[in-house]
Amino acid sequence: MGSAAFDGYSPVGDILTTAICMVMGILLVFSFVRRTRSFRIFLAILGLLMFAAWTSVGYHTILEHWQPGLGTLAGVLRLLMHASLFLIFFLFVRYIANVTDLEHRKTLWATLAGGLISGTVILWDLIDTLNPGTGFRIGEDGAVQEAGGNIFLVGYLAYIVLLGVLLIHVRGRLYKRVMYGFYGTVLMAILLNLLQRLAGQSSFTVGSFVLPVIAMFYIMHSSPYDVRLGAIDVHAMEDLVRFYREKKKDFGYMSLYMHTFKENHTEMSASLQATIRRFAGSYFRDARLFQIGSGHLLLVYNLKKNANTDSRIRSIMDAFQREYTRFRHDYKIVIGTSTEALSRNNGYISFIRYLYRRMPENSSHTVTDRDTEDFIRSEYILKQLTDIHRLRNPNDARVLVYCQPVFNIRLGRYDTAEALMRLKLPEIGLVYPDQFIPLAEENGYIHVLTEIILHKTCEAARRLLDAGYLFSRISVNVSALELKDRYFTRDITRIIESSSVSGEHVAIELTESQDESDFLIMQSRINELKGLGIKFYLDDFGTGYSSLERIMQLPFDIIKFDRSLVIASASSPRSEAIVRNMARLFAEMDFSVLYEGVENDLDERRCIDMSASYLQGYKYSRPVPIEELTNFFSLSA
Ligand code: C2E
Ligand code: CA
Ligand code: CA
């Protein structure tokens, strides 16, 4: 059997291969790639491919310019070319096993099979080359003799079988479209090889290996897909929203959040990923899955192409419940449809996060118009808070101090008050604490608000004192979060000292701390500020968990019994006994007891009877602008 291989060879294929490999290399240098293990295998393949192309060019060049004596060199180059191609085959196997997380045992089998094929071919070729009597030989005239069968072709076919089996075996492990991409390119590569052989060509042998490499490059190392989940990243989601809005198409969405994966930085198990992949593909037509963050997925589907959406949602939710019994990860699900207000500024993700914060674990929620309005309002408030925080202006006109007067039973008059914050915002008017305090706390803006309230309270107190009103102090609420800041004491001191009232006219209300370290911080902050004459109130007593013993270790002046205790004490003699005894205990320990939320005469009588020193509630007054305290405080004679 003999053939002159160089007859059908031109270096174009190998030159092109080298060029393509170099371009891929350059692109990788200039793009962001996760340096995973599979990526390193990919780089090795790229290197080997270039090497194979050069040896191929070298080998064929020698044949073309044949001179006796070059036989050994030609043999070595041919051997190197074959060896690198079969190493590439081998690395393909390793690569597939790696990106699909093939089980250890199966990986071992595939590696063994690949190693066997590659090893046999390379060894056979080596023996052939060393042993001029058999197999591959170049005659005196430069004609190539290949007796003893074409081991290259045998190995090639063996690998096609191995890779075929492997790819089919792992098909469920990656996103469907990605697998199709692989199948397509592998088929093209085989086809290219067959065609060139039919045409008596060998220029594209190395080149045919480029095709799967391009697929790997695109799909695994530069595409925005998460190949396991079949999810696209958040920017693609923003793109799609923009696209739908321009085309005036409506879309529906389902968002799934599982906090476990965010908090533990763990990846989902392969079977959970497979389930999600299946979910994303099975219930809606023209649906796309996005990965918003760890543990947060969003499925977007074209509404028009999904008639009877409601029943689709019902079946996906039913299926989800069945899966939940298997996985048992806490979840939150939000279901909604596109609205212009959210599409306009691509606000879906913050909207969904906003809803999540208000949802219990393991619940699903269908979006209402009210949700959207509330969210837009809350976004606006947040924007204003950001601005207030940025300016840090102690006289910011958007921050208002309201006050609720407190009745002193012993004196028989109002002699203190609690400052309660309100916002007055340009587009929406008066905003109450439940709508902005949590936002301010979450975003780290609360301390600046406290500074403004404290400053304004001091200024107002000065004016009241100057006008001759008698009062002991006005208390200001401080969030537990603020105490942690190491500049807390310095900031409070600076504000009080720069005003012209003394610390005695100011009090700070704190809520119970949960853990030991918070407790210690609270203790040291109170001690640091007591020196200025500031009094401390324990706010919302009865809603927290800390022990009486612990509270009594802190130098509080006044214990504010939460309104829930006032209500409870009216509900049964037993509850009343509990509240009464706690209040007496505090009173005996020299704490003053203040009851919050006294709404009527009955409340008042009961509280007075339960060791009260102070009473506060709607019975006396709702919170009023601080200037209106003139209606409650007495004038000095
Ligand atoms: P809080 O400190 O427990 O304030 C008492 C709340 O109970 C006030 O609500 C007050 O208006 C309300 N209230 C007073 N009397 C009665 C009554 O008889 N019945 C009922 N049902 N409610 C009564 P507001 O002003 O909406 O404040 C809510 C919460 O917001 C406050 O609870 C406090 O935790 C927080 N907050 C208010 N202002 C500030 C502030 O300047 N800084 C901080 N960090 N939190 C503030
Ligand atoms: Ca309070
Ligand atoms: Ca309170």
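Counting convention: from 1, in listed order, for ligands and their atoms alike. Here the structure is a predicted model, which is why all the values come from computation and not from measurement. Counting begins at 1 with the first residue of the sequence.
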Under 3.0 Å: N/O/S of Asn477 next to the Ca ion (ligand 2):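 Of the N, O and S atoms in Asn477, at least one lies under 3.0 Å from the Ca ion (ligand 2), which means yes.
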Would you verify whether the NZ or CZ of [X] falls within 45 degrees of the ring axis of [Y] while also being under 6.0 Å from that six-membered ring's centre?
X: Arg413; Y: Phe407; answer: no
X: Arg490; Y: Tyr487; answer: yes
X: Arg422; Y: Tyr402; answer: yes
X: Arg622; Y: Tyr618; answer: yes

Charged N to carboxylate O under 4.0 angstrom, [X] versus [Y]?
X: Asp540; Y: Arg563; value: no
X: Arg463; Y: Asp466; value: no
X: Asp557; Y: Lys530; value: yes

Numbering as shown, the atoms of ligand 1 that approach [X] to under 4.0 Å (heavy-atom distance):
X: Asp540; value: 3 (O)
X: Glu596; value: 3 (O), 5 (C)
X: Gly617; value: 15 (N), 18 (O)
X: Pro623; value: 11 (O)
X: Ser479; value: 44 (N)
X: Gly597; value: 16 (C), 17 (C), 18 (O)

What part of [X], side chain, backbone, both or neither, has a heavy atom within less than 4.0 angstrom of ligand 1?
X: Asp434; result: neither
X: His447; result: neither
X: Leu449; result: neither
X: Ile437; result: side chain
X: Gln404; result: side chain
X: Arg563; result: side chain

State yes or no: are the ring centers of [X] and [Y] separated by less than 6.0 Å?
X: Phe633; Y: Tyr469; answer: no
X: Phe320; Y: Tyr331; answer: yes
X: His505; Y: Phe471; answer: yes
X: Phe586; Y: Phe541; answer: yes
X: Phe261; Y: His296; answer: no

Measuring from the heavy atoms of Arg622, does anything fall under 4.0 Å of ligand 1?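 Outside the 4.0 Å threshold, so no.
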Pairs of nitrogen or oxygen atoms closer than 3.5 Å, one from [X] and one from ligand 1: do any exist?
X: Asp539; result: yes
X: Glu599; result: yes
X: Thr450; result: no
X: Glu482; result: no
X: Gln616; result: no
X: Pro433; result: no
X: Lys619; result: no

Residue pair Lys332 / Met258, side-chain heavy-atom distance below 4.5 Å: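 SC-SC contact between Lys332 and Met258 ruled out.
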Close side-chain approach of Tyr283 and Ile313, heavy atoms under 4.5 Å: no
What class does the angle between the rings of Tyr354 and Phe351 fall in, given that below 30° is parallel, 30 to 60° is tilted and above 60° is perpendicular?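 Taking Phe351 first and then Tyr354, their aromatic rings lie parallel (interplane angle under 30°).
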Report the relative orientation of the aromatic rings in His259 and Tyr257; use parallel for angles under 30°, tilted for 30 to 60°, perpendicular for over 60°. tilted
Tell me which N, O or S atom from Asp540 is the closest to the Ca ion (ligand 3).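 The nearest such atom is OD1.
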Winner among Lys560, Glu418, Met421 once heavy atoms are compared against atom 40 (C) of ligand 1: Met421
Name whichever N, O or S atom of [X] ends up nearest to the Ca ion (ligand 2).
X: Glu509; value: OE1
X: Asp539; value: OD2
X: Glu418; value: OE2

Any idea which protein heavy atom is nearest [atom], and the distance to it?
atom: atom 31 (C) of ligand 1; result: Leu420 CD2, 4.3 Å
atom: atom 13 (N) of ligand 1; result: Tyr618 CE2, 3.6 Å
atom: atom 42 (N) of ligand 1; result: Asn477 O, 3.3 Å

Decide whether Glu379 and Asn345 meet the rule of one side-chain donor and one side-chain acceptor closer than 3.5 Å. no
Indicate whether any N or O donor in one side chain lies under 3.5 Å from an N or O acceptor in the other, for Asp371 and Thr368. yes
For the Ca ion (ligand 3), does an N/O/S atom of Asp562 lie at less than 3.0 Å?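 Asp562 does not place any N, O or S atom closer than 3.0 Å to the Ca ion (ligand 3).
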Is [atom] close to the protein, meaning a heavy atom under 4.0 Å from it?
atom: atom 27 (O) of ligand 1; result: yes
atom: atom 21 (N) of ligand 1; result: yes
atom: atom 9 (O) of ligand 1; result: no

